[in-house]
Trainee: 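Dropping a structure here in structure tokens format, bear with me for questions.
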Amino acid sequence: MVARVQVTLRSEAGQGTTEYAILVGILVVIAVIAIALFRPKIQELWTAIADGINAL
């Protein structure tokens, strides 16, 4: 039983999942910051696209 606990504690199976979760979290934070910083330009671009589509 002690050996089984030691093997479980040494297992690194969840390490990759944790790294991916941290990476995704960082990317989400970067995306939110970018959207907040560039919001006026994004709205301007969105309006231009919408006006262009409506002009068709």
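Source: prediction; values computed, not measured.
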Trainee: Could you go through residues 47-56 and list every donor-acceptor pair under 3.5 Å that involves a side-chain atom there, pairing it with any protein atom two or more places apart or in another chain?
Mentor:
| unit_1 | atom_1 | unit_2 | atom_2 | d |
| --- | --- | --- | --- | --- |
| Thr47 | OG1 | Gln43 | O | 2.8 |
| Asn54 | ND2 | Ala50 | O | 3.2 |

Trainee: List the residues meeting side-chain contact (heavy atoms from CB on, under 4.5 Å) with Leu37, not counting sequence neighbours, and say none if there are none.
Mentor: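 Applying side-chain contact (heavy atoms from CB on, under 4.5 Å) to Leu37 gives Ile33.
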Trainee: Look at the side-chain heavy atoms of Ile, Leu, Val, Met, Phe, Trp and Tyr, link any pair under 4.5 Å apart, and say whether Phe38 and Val28 land in one connected group.
Mentor: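 Different clusters: Phe38 never reaches Val28 through Ile, Leu, Val, Met, Phe, Trp or Tyr contacts under 4.5 Å.
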Trainee: Under the side-chain contact (heavy atoms from CB on, under 4.5 Å) test, which residues partner Ile30, sequence neighbours left out?
Mentor: Ile26
Trainee: Would you give the length of the straight line joining atom CG of Leu23 to atom CG of Leu27, rounded to the nearest 0.5 angstrom?
Mentor: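 Leu23 atom CG to Leu27 atom CG measures 4.5 Å (nearest 0.5 Å).
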